[in-house]
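First up is the structure itself, then whatever we jot down about it.
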Amino acid sequence: MDDKFRVQVRNSSFDSEWPTYFEKFYLACMDAASKNNWETITVANYALEPMGGKLIQTKTQGWYLRWDDESSHTFFVLKWS
């Protein structure tokens with residue numbers, strides 16, 4: 001996994017705010033999930049997959065986005081900003 005690009009969006013203590021682009025994305029995923037009785041993380045990962053991304057949630061390291069490359073994250077930020 002060393003060849004993956006990672007961006008932390010929430011620390012494990014949840015005392016930091018989400019980046020605006022991620023908050024917009026996650027709220028859109030929450031909306032779609034609630035309308036269809038799905039899990040938000042599943043919707044988020046389904047949306048990220050075509051861009052080469054994945055949302056990872058851990059108890060000790062917080063939440064982060066994992067990308068195939070940095071340009072995919074840049075595209076994501078531009079799309080959701």
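Basis for what follows: all heavy atoms, side chains included, without hydrogens, waters or symmetry-related copies. By convention here, the first residue in the shown sequence is residue 1. Keep in mind that this is a model prediction, so the values were computed, not measured.
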If I compare all heavy atoms of Leu48 with all of Lys54, which pair ends up nearest, and what's the gap? CD1-C, 3.9 Å
OG1-CZ distance between Thr74 and Phe5, expressed to the nearest 0.5 angstrom: 7.0 Å
Residue pairs involving residues 22-48 (criterion side-chain hydrogen bond (donor to acceptor under 3.5 Å, both in side chains); sequence neighbours excluded): Asp31-Lys35
Ring geometry between Phe25 and Trp80 (parallel below 30°, tilted from 30 to 60°, perpendicular above 60°): perpendicular
Can a donor-acceptor pair be found, under 3.5 Å and without considering hydrogens, that links the side chain of Gln61 to the backbone of Gln8? no
Counting C-beta onward and ignoring hydrogens, is there a side-chain heavy-atom pair between Ser81 and Thr20 closer than 4.5 Å? no
Would you name the heavy atoms of Cys29 and Ala44 that are closest together and state the gap between them? SG-CA, 3.6 Å
Val43 with Leu55, same ILVMFWY side-chain cluster at under 4.5 Å: no
Quick one: pull up NE2 in His73 and CG in Leu78 and give me the separation to the nearest 0.5 Å. 9.5 Å
Filter on salt bridge (charged side-chain N to carboxylate O under 4.0 Å, His left out), then keep only pairs touching residues 68-80, sequence neighbours left out; what's left? Lys4-Asp68
So Phe22 and Trp63, would you call those rings parallel, tilted or perpendicular, with 30° and 60° as cut-offs? perpendicular
List the atom of Ser72, the atom of Met51, and the distance in Å for their closest heavy-atom pair. OG-O, 3.1 Å
